[in-house]
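Chain letters run A, B, ... following the sequence lines, proteins first, then strands; residues in each count from 1.
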Amino acid sequence: MSDFPFLSVLTVAPLVGALVVVLLPRRRPELAKQVALGWSLLVLALSVVMWVSFQVDGDRLQFRESYPWIPTWGVNFTFAADGIALVMLMLIAVLVPLVILASWHDAESSKRSVPVYFALLLVLECTMIGVFAAADVFLFYVFFEVMLVPMYFLIGSYGGHQRQYAAVKFFLYSLVGGLFMLAAVVGLWVVGGKTLDWQTLTQVDISTGTERWLFLGFFLAFAIKAPFFPFHTWLPDAGGAAPAGAAALLVGVLDKVGTFGILRYCLPLFPEASKWFAPWALALGLIGIIYAALLAVGQSDLKRLVSYTSIAHFGFIGVGIFAFTTQAGTGAVLYMLNHGLATGLLFLVVGMLIARRGSALIKDFGGAGKLMPLLAGVLFFAGLASLALPGTAPFVSEFLVLIGTFTVNKPVAVIATLGIILAAAYVLWMVQRTTQGTLNPELTGIEAMRRDLSLREKVVVAPLIALVLLLGFYPKPVTDVINPAVQATMQDVGKTDPAPEVGSVQEASR
Amino acid sequence: MTELKLPSIDYAALSPILIMLGVALLGVLVEAFVPRRHRHLTQLSLALVAVLGALVMVVFNADERLVTIGGAIAVDGPTLFLQGAILVLAAMALLLIGERSVERGGAFVAQAAVTAESDDDRRQAEGSNGATEVYPLTTFAVGGMLIFVAANDLLTMFIALEVFSLPLYLLCALARRRRLLSQEAAMKYFLLGAYASAFFLFGVALVYGFTAGMPDRAAGVDFATVHAAVKDSPASPVLLFAGMALLAIGLLFKAAAAPFHVWTPDVYQGAPTPVTAFMAACTKVAAFGALLRVFHVAFADAAWDFTPILGVVAVLTMLVGAVLAVTQTDIKRLLAYSSIANAGYLLVGVLAPTGAGVAGTMFYLAAYGFSVLAAFAVVTLVRDADGEATHLSRWAGLGRRSPFYAGVFTFILLAFAGIPLTSGFMGKFAVFGPALESGQAWLVVAGVLTSMVLAFPYLRVVVMMWLSEPGDSTPTVTVPGGLTATALMIGVAATLVLGVLPAPLLDLATDAATFVR
């Protein structure tokens, strides 16, 4: 079964689905939604088959496919996935159907076409899968840039307050990063001897000066995408303005392209430069953890608050990557997955709250739990997951990042730990002001606020809650997939761990 | 007494040029003898047949590599590629020029001599059929461009420059509406163009002086002699540098590079939109074809001397185009500044002294030509009772009124912005790669930085069209006639195909990238 071209089929399938959805008659939006949901479930099923046929102790890159594209430039359609990519592909496949289900009525409130909204989600899925599946730098770049287009229209056409501003800011920030990367890609193409095949490029020796410039080009693009402090200002705007479903995909998956890019491209292709820049990257990560958490505490808008929490979490991921230990690296990749699940859940639940209230401002809520105990409970759970309470999945990853960092760099680990305390502050305070305490009298007048989770919404949150708990108690299936890839990456950088790592990974997870 | 030897003439190799110029003369006769009501159809089909015939001959000549007619014309890979590109783009432009169903009587004035803004003028604007002189003029211009990219000596190049410039000056003045603006554009273009031609001619004279005095060669302005002179002329290099600079001014003027770009926005705005499209696509190809030949053939060995200067010009061009595009409020002016910035990117390709640089530039030219023609085709369609609605504020909410055309235009703008899966991205990669390879990293960095600036105005149009609510003054998009629709579809399809599968054209350009001398 491993001969099956999983990755290209997975990339193309959502695009075909999007075409089908767009061509459906406009007057039957229900049909479009059902087709989109069915299609994304199909992709999920295929991804599960791929997950099963991935050999944990096999090659680093599996499911490799390569077709010639532009022979003059030595550019090919090359797809391949390592453990890290596989985990991210799985996350996409799980999140998209849930987002489609969660956004069932979102597009109706705007005056735009409903089928187009779901088609855009599928196009976005296609580009997201492509970006993680690509093993040719050119192909990666193509998906990296094209990904902006559907997201731009999702935010700009279907978003809320200030959507135009947010969409343009999102697009320009990402494009600026992308163009820096384009210069670096061209440079890499020249020094790499006119090829952009990832595997070939890892063998190329680059002079120190060039390597640092190329690293910077890639790193800037990824740091804007992730986003790391100080390139983060677009995310709260975009996350605040995007419809909840798209926002969940934006921070849950799209931003992971940045951290994934650092792991897949910066570290193996420019190992020396990575080590040289590591102190700076660690500093950016630390500032992000503390600064974004402080800003999150002060937010008055729910979606912006969740966006800021994400920036803090990306700081953790960044620290995990640039600590250069397998534990921290595994923790970072696991965090990419867990953050996608936990924050995705948080965004979707917050979206449900906002849809009912018609406002995203925290002060418009208060005591909502008395009206909707179940929704409030889910919000509380999602909040606890994103502050990394033991027993939820993010705890495992945060803990791994911290201990992995502690073994090599104690001050960094200690400062990062402060972020956990701040996380408790922003999450608990947000929960307290929205669902706990005395009931805001305005809420009783709103009929929608009396409706607790519908069956559709329960179906949306149940799998995410289950996954967060499952991976909180038993992350081994995922760490087994991630570990070899992270180890290989660390070997590329030429860093060895100070202490035996595999045993402690499993202890930590128990 | 020396025997007078007639130069050998390879008529087959010259046939594309001969066809275009011959049919242009025929078109003048048609104006004189064919009744007015048949002229439009006769002229349009004649011009199209000529272009297609010439294209067939170019394809037929594809493997020719020779210098003919006494060393005046070189038929080689770049010549044939660029001639092919000019002819394909000219065919599309002719379709736009020939369109008469979008506006009654077409985009051209019936009698250019009628005083602008007079009662007669208003009457003719109401729908009398446009002048058909535009077809022979266009055909002449195309013929001149074909010579321009094939010219193998500086005098032939000068004559070709005039042959294609003069009809363009006239064409600019023929807009049906906003006559004063159109005439002003033509006047500006003519005066500045005349200066540029004078600079060019003076440059030719200086270079001729520089070639004099070589032991084994007579003085001359053919590229082989100039090339030899650059190596071992005893004359002062000041002649060479001054001559090169003056020649470059003449060529960069046509290419719309800063600081010789000031005519571009006014002329692009004032000229009838089909003519603007023709200039933006075909003139660009011709001008850069000539630049490539002059700097890669004649002055190749002076690359050390001209590269820094032209590099500065390229950076300046990109900067001026990108920064000023941000402030524009008129779609035609915006596209003009975008075209200036693109001239900068093309210069980056010209400055890569390798076959890959030539190939990349030629690919970029073709790719850009298709996109820009499609862009102006859309501009001709967005109109209200007073003609085209070119002010950007009028485009607000266009995506709601006409999602298809707004979608097409968005796609073109994404191509201009260099988003992958469009020809714009492939073109950028095609010129930046060779430039970086030949050590011009600073040009690539400048190109990337200005692309960031340039993305903003494009995005602003997209925001206008899709994210703004349509107002009362939002015009509807006219349903295009078959001609415009065909041109538009070819342009969009080419932008997409060259973005997804650029390999065939890129291979063609790479194979064609060697000059004969």
Is there a side-chain contact (heavy atoms from CB on, under 4.5 Å) between Trp189(A) and Phe432(B)? Walk through the geometry before answering.
CA-CA 11 Å; Trp189(A) 178 73; Phe432(B) 287 169; over 6 Å; no
Go through Arg212(A) and Leu216(A) one step at a time and tell me if the side-chain contact (heavy atoms from CB on, under 4.5 Å) criterion holds.
CA-CA 6 Å; Arg212(A) 284 182 191 161; Leu216(A) 265 187; over 6 Å; no
Candidate pair Ser338(B) and Tyr458(B), rule side-chain hydrogen bond (donor to acceptor under 3.5 Å, both in side chains), full reasoning
CA-CA 9 Å; Ser338(B) 142; Tyr458(B) 298 144; 2.9 Å; yes
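Per-residue counts of heavy-atom pairs under 4.5 Å with chain B were compared for Leu148(A), Val146(A), Val185(A); the largest is that of Val146(A). With respect to chain B, the highest number of heavy-atom pairs below 4.5 Å among Val168(A), Leu179(A), Ile70(A), Leu175(A) belongs to Leu179(A). Comparing Ala430(B), Gly447(B), Ala441(B) by how many heavy-atom pairs each has under 4.5 Å with chain A, the most go to Ala430(B). Across Leu506(B), Leu449(B), Asp507(B), Leu421(B), the residue that shares the most heavy-atom pairs under 4.5 angstrom with chain A is Leu506(B).
Only the side chain of Phe138(A) comes within less than 4.5 Å of a heavy atom of chain B; its backbone N, CA, C and O stay farther away. With a 4.5 angstrom heavy-atom cutoff, Ala435(B) does not touch chain A via any of its atoms. Looking at Val445(B), there are no atoms closer than 4.5 Å to chain A (heavy atoms on both sides), in backbone or side chain. Only the side chain of Thr410(B) comes within contact range of chain A, with at least one heavy atom under 4.5 Å from a heavy atom of that chain. Neither the backbone nor the side chain of Trp213(A) comes within contact range of chain B; no heavy atoms are under 4.5 Å apart. Using a 4.5 Å cut-off between heavy atoms, Thr510(B) touches chain A through its side chain atoms alone. Of the two parts of Val149(A), only the side chain, counted from C-beta on, holds a non-hydrogen atom closer than 4.5 Å to a non-hydrogen atom of chain B. Looking at Leu459(B), both its backbone and its side chain come within 4.5 Å of chain A, counting heavy atoms on both sides. With a threshold of 4.5 angstrom between heavy atoms, Val453(B) does not approach chain A through any atom at all. With a 4.5 Å cut-off on non-hydrogen atoms, Val190(A) touches chain B through its side chain but not through its backbone.
In this structure the side chain of Phe409(B) reaches within 4.5 angstrom of the side chain of Trp395(B), judged on heavy atoms.
By the 30° and 60° cut-offs, the orientation of the rings of Tyr152(A) relative to Phe171(A) is perpendicular.
For the 3.5 Å distance criterion, the side chains of Ser451(B) and Tyr345(B) qualify, holding a donor opposite an acceptor.
Nearest heavy-atom pair across Gly499(B) and Trp69(A) is O-CZ2, 4.4 Å. Considering every non-hydrogen atom in both Leu254(A) and Lys225(A), the closest pair reads O-CG, 4.0 Å.
The ring of Phe140(A) has its center closer than 6.0 angstrom to the ring center of Tyr265(A).
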